[in-house]
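Report on the following structure.
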There are 2 protein chains.
Amino acid sequence: MNIYDVSHKAGVSIATVSRVLNGNPNVSPKTRQKVLDVMQELGYTPNVFARGLGLNTMKTIGILCLDSSDPFLANAVYYLEQNLRKYGYDIILCCTGYDLKNKQKYLDLLLSKRVDAVILVGSSFLEPQRKDNTYLFQAAASVPVIIINGYINHPNIYCALCDDAQAVFDATTKLIENGRTNILYLYHSKSYSGQQKLSGYKEAILSAGLKLDENLMLLCKNDMHQTKEAITEAAANGVKFDAVIAAEDLLAVGAIKYAKQAGLKIPKDLAVIGYNNSLLSSCCEPELTTIDNHIETISITAVNTLMRVFSGNDVPNRTTISNDLVERGTTDFAKNEI
Amino acid sequence: MNIYDVSHKAGVSIATVSRVLNGNPNVSPKTRQKVLDVMQELGYTPNVFARGLGLNTMKTIGILCLDSSDPFLANAVYYLEQNLRKYGYDIILCCTGYDLKNKQKYLDLLLSKRVDAVILVGSSFLEPQRKDNTYLFQAAASVPVIIINGYINHPNIYCALCDDAQAVFDATTKLIENGRTNILYLYHSKSYSGQQKLSGYKEAILSAGLKLDENLMLLCKNDMHQTKEAITEAAANGVKFDAVIAAEDLLAVGAIKYAKQAGLKIPKDLAVIGYNNSLLSSCCEPELTTIDNHIETISITAVNTLMRVFSGNDVPNRTTISNDLVERGTTDFAKNEI
DNA sequence: AATCATTTTGTAAGTGCTTTCAAATTTTAC
DNA sequence: GTAAAATTTGAAAGCACTTACAAAATGATT
C-alpha cells in the first residue's frame, strides 16, 4: 500500500497525491477531494521513512531528561509532550542520568535520528565549565536547542526558566522578616539553577545584614531519608537553625521528618519552605509551603519559542517566567492580605 | 555526507559500507577496519530515514500512557525507557488521557510512525467492553502489543502484571486478622487492574465471613483532597470504618488527611494501606503501609518479553510478577518475624 | 477564434540506504 | 599447481516518497 496505489485508484499521478499529502495549494479542489476520498477509502498512511528521506524531518522533538521518574521532571516532560503534540510533533524521550558521557551519547543519538529540535529538561545539562558544554554547541549547530530552567548564551540555544535566584531571595527574605535568623539551606545539585537558588539565598542573608554561615548550607542527596540524616548530623554537630529552605520539595520533606524526629513543632520551632510545588508538598504533614516555579507555563513557553524558531521568526534567547510562594502549613507568615 | 562519501574514501563499494554498518559477518576484518576508520574520520552517521526505508524499522517502541506525570506511571515509563535502551531501542512517548478516541488516535499515530512495538502503560487501555478493544486488536495485527498491568487474551498481545486481586486479598485479610472489621475500600478507576483489586477486596471480606457493604466501597477522584472530602462525606452519612485500603497511594494519603481532620489516631483508630509503594508513601506522616507491585520488575519483564518476541521465540502471553506488603506506620500488625 | 497568461498536472530525477545475485578473490584439498 | 569450495566484493534494483521542470489544461483578453 503506497502512493502508487492511491494515484492509480484516483486516476492521477503520484506527484498530485504527494501534493495533497503536503497541503500544496497547487491542486484543484476537485482533484484534492478525489485523492482524499481514495486515501480514506484505502486507509492509506504515508510511509514516514520515505517521507523523512525527502523532507529530512520527521516532526519529532528529542527530549533529554535526567530521570523522568522525578516528580518535577516528569511534570515538565508531560507538559512538553502535551503541547508539542498540539503542533503535530512527537517526542523521543531519553533519560540520561548524571553522567556527562551519557548525556553526550544520547544527544548524538537524538541527532542521528534527525530530530527537529532538542529540549533539555533541567539545568543539569549545563556543565559548570563552559568548555564542557561544547556538546551542546555542536548540537545547536544542527538543530535548535531549548533548555528548561537553565541559561547559557548561544545563538541557537533558547532558554525558558524561572528566576530561581529571585524566588529564593524573596522566600528567604520573608523568613527573615518573619523573625527567623538561622536559616538552613538544603540543596543537592550544583547545576545552573542550583547555583542560582543558592546565590539567591546568600544575597538575602547578606542584604538583611546577617552573616553567611557555611554550616547552614547543607549539600544533601536527592532522598528524603538521607536528607533527614544529614540534618540530624548537622544538628548533632551544633548547627542551630529555626528555618529551612530547600532547593527541592523532596529535601524539604526530609526536613519535616527531621523535625518530627527531633520533637520540633512546625512551624513554631522550625519553618520549612520547599521548591517546585510538586505533589509531595501537599502530601506531607503539615503541608509544605513551597515556591511554585510554574513549570507548566515554562513548558508552554518553551514549545511556543520552538515553534517561532521553526517559522523563522526572531526569538529572544531567554524567557523568564514568574514564580510565587504557595503558603501552606510549614510557615506562619502574618497574613498581610489586603 | 552519505554512504557514497564513505565508500569513495575507503575505496570500497557502498554495499560493503552497508554491510559494515549492519554488522554483516561477510566482510573481511581488514576492509571492515578500513571502513570503520573512514567513518570515524568523517564523523559519518547513517541517515535513519534511508535506513528505515530499507529495513522498515527504526528500532523505536511507542509508549502509550494515560498521564506521565502520575508518579506511578512516570516510574513505569522510566524503567521501560532505561531497559529498552539497553537493547538499542528508543521510545516515543504519547500521553493520551482517558478519552478512548484519543487513545485510538495516538495508537494510529504510533503505527504510522512504524514503531516496532507498542507498550501500553496501565490497564486503563483495556476497555470494559471487549468490542471496544478492537483498536488494540488492529494494532496487534501489525506489531506486538505489550500491556503493563492488564490482561487480555490475544495472540499478539503480551501482558506483564502483578496479581492485583491476590495482593489486595492478602492485605485485606491481614487487616481482618488484625481485628479490623469495617474496612473502607477506596478506588478511582474501573480499569482492568481496578476491577481486579476490587474483587480481591470483596473476596477477602467474604472469605472472612463478613458482609459486603456497598457503602464501604468508595469511588473517588484521583486527588488526595477530593478523596479526603469524599471520606468526610461518607463518615457524615454514618459510614463506620476502622481501616482503609486504597487502590492508589494518592487515595490513601487522602485517608490520612481525613484521619488528621477527624482527630483519629493512625493506626490505632484507623489503619491505612496504600498501593504502589510510590514516593508519596514515604512522604506522608505517618509513613504509609503499602502494597509494592514491583513496577520495575514488571517493566523489565515487559521489555524482555518483547525482545523474545522480536527474536521469534514462543513467549507466554501473560507473565505475573509477585508483590509484597511494605509495612510502615499506618498499620500495627503484630510483628511475627521469625 | 486566436493568443497569451495562469493554473493544474505529470514525468523523471533525486533522497540514502539495504539486499540480491553474480563476479572476483581467497582458501582448501588433492 | 590446479580445481573446487568458500569467502569476499560490487553492480544494480528496490524502498516510498518529494520536487523541479516541462507539458497540458484552463481561463482571460482581444
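Chain naming here is simple, since letters A, B, ... match the order of the sequence lines and numbering starts at 1 in each. Heavy-atom basis, side chains included; hydrogens, waters and symmetry copies ignored.
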Listing time: all N or O pairs from protein to nucleotides 22-27 of chain D that are below 3.5 Å?
none

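In this model, the phosphate group of D:dT8 is not approached by any side-chain N or O of B:R19 to a distance below 4.0 Å at OP1 or OP2. The shortest distance between the side-chain N/O atoms of B:T16 and the OP1/OP2 oxygens of D:dT9 is not below 4.0 Å. Under 4.0 angstrom from either OP1 or OP2 of C:dT26 there lies no side-chain N or O belonging to B:S28. OP1 or OP2 of D:dT18 lies within a sub-4.0 Å distance of a side-chain N or O belonging to A:N22. For the pair A:S13 and C:dT9, the criterion of a side-chain N or O lying under 4.0 Å from OP1 or OP2 is not met.
Distance A:N56 CG to D:dT19 C1': 14 Å, rounded to the nearest Å. Atom CZ in A:R114 sits about 8 Å away from atom P in C:dC17, given to the nearest Å.
Atom CD1 of A:I119 sits about 8.5 Å away from atom CD1 of A:I91, to the nearest 0.5 Å. Rounding to the nearest 0.5 Å places CD1 of B:I14 at 11.5 Å from CG of B:D5. For the atom pair CG (B:L100) and CD (B:Q129), the distance works out to 11.5 Å, reported to the nearest 0.5 Å. To the nearest 0.5 Å, the span separating CG on A:N133 from CD1 on A:I152 amounts to 4.0 Å. Annotation: the span from B:S124 atom OG to B:I147 atom CD1 amounts to 10.0 Å, rounded to 0.5 Å.
Within the cation-pi definition used here (under 6.0 Å to the ring centroid, within 45° of the axis), A:R308 does not qualify as a partner of A:Y158.
There is no side-chain donor-acceptor pair under 3.5 Å between B:D108 and B:Q104. In this structure, a donor-acceptor pair under 3.5 Å is absent between the side chains of A:D90 and B:Y106. A:N153 and A:R130 share no donor-acceptor pair across their side chains, judged by distance under 3.5 Å alone.
Taking only side-chain atoms of A:A15, from C-beta outward, the nucleotide of C:dC17, C:dT8, D:dT19 with the closest atom is D:dT19. Among C:dT9, D:dT19, C:dG16, the nucleotide with an atom closest to any side-chain atom of A:V27 is C:dT9.
No engagement by B:V17 is indicated, since no non-hydrogen atom pair under 4.0 Å with the nucleic acid exists.
Mapping A:Y4 and A:P29 onto DNA chain C by nearest heavy atom places A:P29 closer to the 5' end of the strand. In this structure, B:G11 and A:R51 both approach DNA chain D, and ranking their closest nucleotides by distance from the 5' end singles out B:G11. For B:L53 and A:I14, each mapped to the nucleotide of DNA chain D holding its nearest heavy atom, the one lying further toward the 5' end belongs to B:L53.
A heavy-atom distance below 4.0 Å to DNA chain D is reached by none of the residues of residues 36-50 of chain B.
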